[in-house]
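Ligands are counted one by one from 1 in listed order, and the atoms in each one are counted from 1 as well. Throughout, numbering of the chain's residues begins at 1 and tracks the sequence.
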Amino acid sequence: MTIRVDAPAVPPAARSPVAWEFFAGGGLAGLGLAGFRVGLANDIDAMKAAAYRANHPDVPLHLDDVWSLSAADLPGRPDLCWASSPCQDLSLAGARGGLQATRSGAFWGFWQLIRQLDADGRAPPVIVVENVAGLLSSAGGADFAAVCQAMVDAGYRVGALELDAALWLPQSRPRLFIVAMRGVAGPTVPAPVAPFHSRRLVAAQARLPRAVRAAWVWWALAVPARRNGDLSAVLEPDAAVDWFDADRTGTLLALCAPLHRIQLDRALASGVRQVGAGYRRVRTEGPRKVQRLELRFDGLAGCLRTPAGGSSRQYVVVCDDGRIRARRLTGREAARLMGVDDTYALPAGEGAALKLMGDAVAVPVVRALADGLLRPALSGGD
Ligand SMILES: C[S@@+](CC[C@H](N)C(=O)[O-])C[C@H]1O[C@@H](n2cnc3c(N)ncnc32)[C@H](O)[C@@H]1O
């Protein structure tokens with residue numbers, strides 16, 4: 001089952017605007033860019049590229065390091081360049097080497113291409129950079145300032161929004177979207193508005209250099225109608241999935257921190273079916289580091305992540321009929337949590353499918369930006 005996302009019909013256009021998708025992964029940004037034609041994609045990862053080609057056979061994909069591309073490899077002039085650049089060095093959970101580190105530094109490879117396109121008279125009027133909210137604070141805010149400064153130096157007006165996929169889908173997934181425009185204008189508001197101009201975004205904007213703030217805009221975006229389903233709506237039928245046996249379930253649940261155990265017992269005592277999601281995490285308790293299972297029963301999955309190690313794979317815990325069952329979240333369920341419908345061809349292995357989805361951008365969030373901000377700007381509406 002897929003969570004229904006009400007999307008307004010895309011108005012017919014004389015010519016669909018063209019989007020180029022960088023750091024394309026499985027192409028979820030392109031899936032959300034309603035009303036655009038994706039004209040080109042790039043990713044360095046062979047597994048991702050195979051998934052991309054399986055699902056977007058008509059889009060020319062450059063399987064290459066973005067640093068090794070040049071404008072001469074990219075024919076035409078895009079209306080939009082979308083860059084979901086790597087986040088590992090910016091994530092609050094990581095070592096935070098920042099935008100100078102090897103992985104997240106790939107943003108500058110993308111930016112080098114934008115500069116080359118500009119020199120050719122082919123720079124796009126709209127650029128979107130998607131990343132984790134950690135970009136706002138990494139290197140004490142210097143990374144965020146550097147990205148915005150680069151855009152402003154190239155003549156763009158710049159603004160950002162923090163969008164949590166939980167408004168559209170049953171997954172907590174806050175992400176930062178920096179949107180730059182030149183020669184076109186999207187809808188704006190004169191001052192920050194919650195929830196998309198979050199407190200940490202407002203604080204980071206206030207720390208930007210004066211010249212960047214002078215070119216700053218607060219993009220306007222409507223808050224969507226309430227989402228129409230919770231975590232249980234995306235799960236496979238109980239009979240179709242593998243559940244842990246009693247020993248494995250017991251070992252997993254024994255990792256619950258006391259407060260999470262109380263939540264679990266309450267869910268069990270409620271007498272109605274309750275679906276929770278959880279991750280194993282290492283926590284420091286006094287002098288010791290301890291493995292803990294952290295559960296939530298608020299109808300949301302935790303933020304999907306790349307399953308680099310077993311501990312970052314999400315668990316599903318179901319209480320009903322006086323018993324507790326536990327299992328892994330499947331790749332197909334992860335895809336639904338990203339707003340991808342079941343016609344999407346996932347890689348054969350569960351690990352690859354979970355990696356593909358854990359790295360991706362949530363489709364309805366991109367669609368909301370496309371409908372509310374990007375297409376209106378490119379069609380001259382305000
Ligand atoms: C955060 S993911 C973006 C996923 C994509 N938005 C999606 O929805 O599936 C970052 C992507 O950047 C790719 N990548 C990392 N370094 C790269 C580089 N130097 N050149 C090109 N792609 C790179 C990774 O393989 C990964 O697919």
Out of N42, V363, L31, V361, whose heavy atom is nearest to atom 8 (O) of ligand 1?
V361
Scan for side chain to side chain donor-acceptor pair (under 3.5 Å) pairs involving residues 249-264, sequence neighbours excluded, and state none if there are none.
R261-D265
Go through ligand 1 atom by atom and flag the ones less than 4.0 Å from a non-hydrogen atom of D45.
25 (O)
Looking at P86, which atoms of ligand 1 are within less than 4.0 Å of one of its heavy atoms?
15 (C), 16 (N)
Indicate the ring-plane relationship of W218 and W216, choosing parallel, tilted or perpendicular according to the 30° and 60° boundaries.
perpendicular
Between L69, V66, I44, flag the one that comes closest to atom 14 (N) of ligand 1 by a heavy atom.
I44
In terms of side-chain geometry, is the basic nitrogen of E333 or R327 positioned less than 4.0 Å from the acidic oxygen of its partner?
yes
Determine, for W168 and R227, whether the Lys NZ or Arg CZ falls below 6.0 Å from the six-membered ring centre while staying within 45 degrees of the axis.
no
Is it true that E350 and R328 make a salt bridge, defined as a side-chain N closer than 4.0 Å to a carboxylate O?
no
Ligand-side contact atoms (ligand 1) for residue partner A106, heavy atom cut-off under 4.0 Å
19 (N)
Answer with yes or no whether D64 contacts ligand 1, where contact means a heavy atom under 4.0 Å from a ligand atom.
yes
Results of side-chain hydrogen bond (donor to acceptor under 3.5 Å, both in side chains) for E162 - residues two or more places apart only:
S198, R200
Taking the cut-offs as 6.0 angstrom to the six-membered ring centre and 45 degrees off its axis, would you call R305 and Y279 a cation-pi pair?
yes
Which atoms of ligand 1 are found less than 4.0 Å from any heavy atom of D65?
18 (C), 19 (N), 20 (N)
Using a strict cut-off of less than 4.0 Å between a Lys/Arg side-chain nitrogen and an Asp/Glu carboxylate oxygen, indicate whether D320 and R325 qualify as a salt bridge.
yes
Shortest heavy-atom approach to atom 10 (C) of ligand 1 - which of A46, A49, S84, S68
S84
Nearest to atom 27 (O) of ligand 1 by heavy atom, D43, L28, T306: which?
D43
Measuring from the heavy atoms of G26, does anything fall under 4.0 Å of ligand 1?
yes
For atom 26 (C) of ligand 1, the option (of K48, K355, M47, H62) bearing the nearest heavy atom
K48
Of the choices F23, W67, F107, which has the non-hydrogen atom that lies closest to atom 12 (O) of ligand 1?
F23
Relative to the heavy atoms of A24, which atoms of ligand 1 are at a distance of less than 4.0 Å?
5 (C), 7 (C), 9 (O)
List the steps and the verdict of salt bridge (charged side-chain N to carboxylate O under 4.0 Å, His left out) for R336 and D342.
CA-CA 8 Å; R336 293 172 187 157; D342 287 3; 2.9 Å; yes
